[in-house]
Amino acid sequence: MTQELKQKLDSLTPQPGVYQFKDAGGEVLYVGKAKRLNQRVRSYFQNASDHTGKIQALVRKIADVEVIITDSEAEALILENNLIKKFRPRYNILYRDDKSYPYICVTAEDRPRVFPTRTIVRDGSRYYGPYDHVGKMKLMLETIRKAFQLCTCACSSRMIDRSKGLPKWGRCFEDYFENCSGELHLEEYRARLDQVTRLLNGRTKELIRDLKLEMEELAEALQYEQAANVRDGMLALKRFSEKMKMVTPDGLDRDVFALDSDWDENIACGVLLQIREGKLVGKYHRYLKNIEGRTEGMLLQAFMEDYYTGELSGVIPDEVCCSHDIHNDEPLFEYLWQKRGKKVPITKPQRGEKAQIVQMAASNARMLLKEWLLEKIKADQGRVPHSVQALKRDLILQRMPRRIECFDISNFQGAFTVASLVCFVDGQPRKSSYKRFHVRGVDGPDDFASMREVIGRHYRRVKKEGRQIPDLIVVDGGKGQLSSAVSALYEAGMGSDVPVIGLAKRLEEVFYPGSRDPVMIPKTSSSLKLLQRIRDEAHRFAIQFHRDVRSRKTFRSELEEIPGIGKKTADKLLKEYGSIPEIMHQDIPELKKITGDKAAKAVHAHFRKEERR
């Protein structure tokens with residue numbers, strides 16, 4: 001950290017606002033918001049070991065920080081989303097749509113036009129949608145034409161020279177001039193447009209009620225032709241309303257958000273179901289990329305904030321329902337309150353009709369994510385990475401090693417022996433298939449026996465459950481580890497099913513079963529670099545697990561020295577508080593929640609005695 005950056009961190013204000021982390025070249029790396037800027041920004045530079053690998057990588061690149069102070073968290077929320085859309089920082093969640101959605105646009109002119117579009121232009125126009133199916137948008141446009149006699153084509157009177165006549169390619173131009181621009185006075189046109197806006201916002205029931213009153217007033221005034229026109233519009237609205245699916249009988253407006261994620265592919269799908277007057281009127285989804293290191297609640301919050309602060313939010317509903325508890329709902333709650341003028345509850349329904357609607361949204365998110373993954377698989381078929389192809393060539397394998405599993409053993413002077421399994425698919429880590437093992441049947445520092453036990457246990461289970469077997473198995477080590485692995489595979493009934501190699505670290509030699517001499521892959525080969533990356537990842541994963549096991553057992557031993565504290569109580573305390581220092585800071589009422597009165601007093605007394613020494 002430079003001295004200049006340190007001075008900036010020391011001078012940060014406790015007010016709400018937005019912060020931007022920049023690299024040495026001035027490029028924006030990350031944009032975030034905070035209730036208290038000083039606490040939030042400094043937290044990135046404190047307790048580095050508690051951060052994810054992604055945050056640690058971000059912090060290493062930060063050369064400058066820029067803050068913008070706002071009056072409230074709600075303002076910070078809007079500014080944050082605008083800056084993310086402007087800069088698209090690599091460490092923020094990024095959004096992508098799988099297609100160009102259709103919208104209905106109401107222009108910002110003196111005589112606004114209503115027409116369909118797939119392009120959003122930020123010129124003050126209002127956009128309604130998006131519509132997940134073009135047929136639904138066409139139904140809405142047809143209803144607008146029939147109910148309010150407005151043209152819904154994308155033309156403008158400025159586009160046509162009346163002196164040259166109407167172009168051949170548009171009967172809609174005739175409708176436009178006869179029904180809209182040509183005949184209606186500006187006040188009447190704007191009144192009808194106001195009704196169109198109410199329809200687009202889902203206010204169908206109150207529109208029908210108002211049109212019925214208008215029809216009755218016109219009939220009483222003996223204006224039968226105008227009354228008939230209003231009646232036809234009311235009937236068109238009723239037919240439209242009948243086609244909408246009723247999902248809740250209470251008639252409230254709700255936005256229902258749900259999310260599903262695939263951590264291996266680093267992508268999630270967020271879905272919004274728009275319910276107006278109890279009827280499902282719209283569905284919207286977006287894909288969220290760059291999700292590593294975030295919970296599903298954080299992702300759902302980002303999706304909701306992006307929607308409500310964007311151009312498409314429309315009417316703020318009576319209630320917002322979500323599939324997950326969001327990370328921090330205060331900024332969004334304040335923002336919705338300001339926009340609507342009253343509180344908008346943000347809830348996670350547990351039972352009843354609302355929970356069923358949330359489940360329906362979650363099912364849609366799951367289905368859309370599966371469709372995306374299937375499309376990706378189709379696109380990836382036949383597109384095997386060069387490093388995987390090179391590995392097949394250099395190892396003279398019969399089939400392409402698209403799925404590779406690698407094992408490593410870790411111990412400390414023969415104690416706390418553990419093992420790791422990492423899996424790579426098409427040259428990329430598949431973390432959902434990573435596994436960790438406690439080695440139980442081996443005494444002392446015996447890597448050969450440990451490897452034999454772990455590989456035998458794992459592949460016996462794989463064969464029994466009919467799970468996918470790898471295209472290549474790699475063991476971290478030389479001839480001894482390889483020989484143990486081959487023996488374990490034969491005992492598991494898989495000796496001839498999977499090729500297996502050993503990778504010795506000293507000279508990066510590759511050993512084959514039954515071969516005395518190793519194979520040397522060229523140092524510059526992408527296949528060797530892939531093997532090294534897989535081996536190093538297995539080593540990292542094993543070391544991490546070994547440290548966790550060793551520290552937990554050491555802490556548990558210290559707790560078990562306290563009179564009245566056994567293994568189960570020690571495990572409960574460590575599971576709740578994580579470490580001895582955290583346990584030391586707890587008072588008796590807090591400890592009683594975990595251990596009971598007598599054990600809590602014993603633990604508290606023990607550590608107070610230690611402090612006095």
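Salt bridge annotation for Lys54-Glu292: absent, with no cationic side-chain nitrogen under 4.0 angstrom from a carboxylate oxygen. A salt bridge does not link Lys22 to Glu27: none of the charged side-chain nitrogens sits closer than 4.0 Å to a carboxylate oxygen. Ion pair Lys354/Glu319 flagged as a salt bridge, since at least one NZ, NE, NH1 or NH2 atom sits closer than 4.0 Å to an Asp/Glu carboxylate oxygen. Ion pair Lys33/Glu305 flagged as a salt bridge, since at least one NZ, NE, NH1 or NH2 atom sits closer than 4.0 Å to an Asp/Glu carboxylate oxygen. Under the 4.0 Å criterion applied to side-chain N and carboxylate O atoms, Asp306 and Arg286 are assigned as salt-bridge partners. Between Lys6 and Asp10 there is a salt bridge, since at least one side-chain N of the basic residue sits less than 4.0 Å from a carboxylate O of the acidic one. Contact check on Glu465 versus Arg461 returns a salt bridge, with a Lys/Arg side-chain nitrogen under 4.0 Å from an Asp/Glu carboxylate oxygen. Between Arg399 and Asp471 a salt bridge is recorded (basic side-chain N to carboxylate O distance below 4.0 Å).
Below 30°, between 30° and 60°, or above 60°: for Tyr307 and Phe257 the angle between ring planes is above 60°, a perpendicular geometry. Relative ring orientation between Trp372 and Tyr287 is described as tilted, the plane-to-plane angle lying within the 30° to 60° band.
In summary, the aromatic rings of Phe21 and Tyr19 are positioned with their centroids under 6.0 Å apart. For an aromatic pair to be called close, the ring centres must be under 6.0 Å apart, and Phe545 with His438 satisfies this.
Scanning all heavy atoms of the two residues, the minimum distance from Val344 to Asp318 falls at CG1-O, 3.9 Å.
Side chains of Ser420 and Asp408: a donor-acceptor N/O pair is absent below 3.5 angstrom, by distance only. At a cut-off of 3.5 Å, with distance as the only test, a side-chain donor of Glu537 or Tyr434 sits close to an acceptor on the other residue. In summary, the side chains of Thr13 and Gln15 do present a donor paired with an acceptor at a separation below 3.5 Å, with no hydrogens or angles considered. No side-chain N or O of His327 forms a donor-acceptor pair with one of Gln301 less than 3.5 Å apart. Side chain to side chain, Asn81 and Tyr308 fail the donor-acceptor criterion of an N or O pair below 3.5 Å. At a cut-off of 3.5 Å, with distance as the only test, a side-chain donor of Arg40 or Tyr44 sits close to an acceptor on the other residue.
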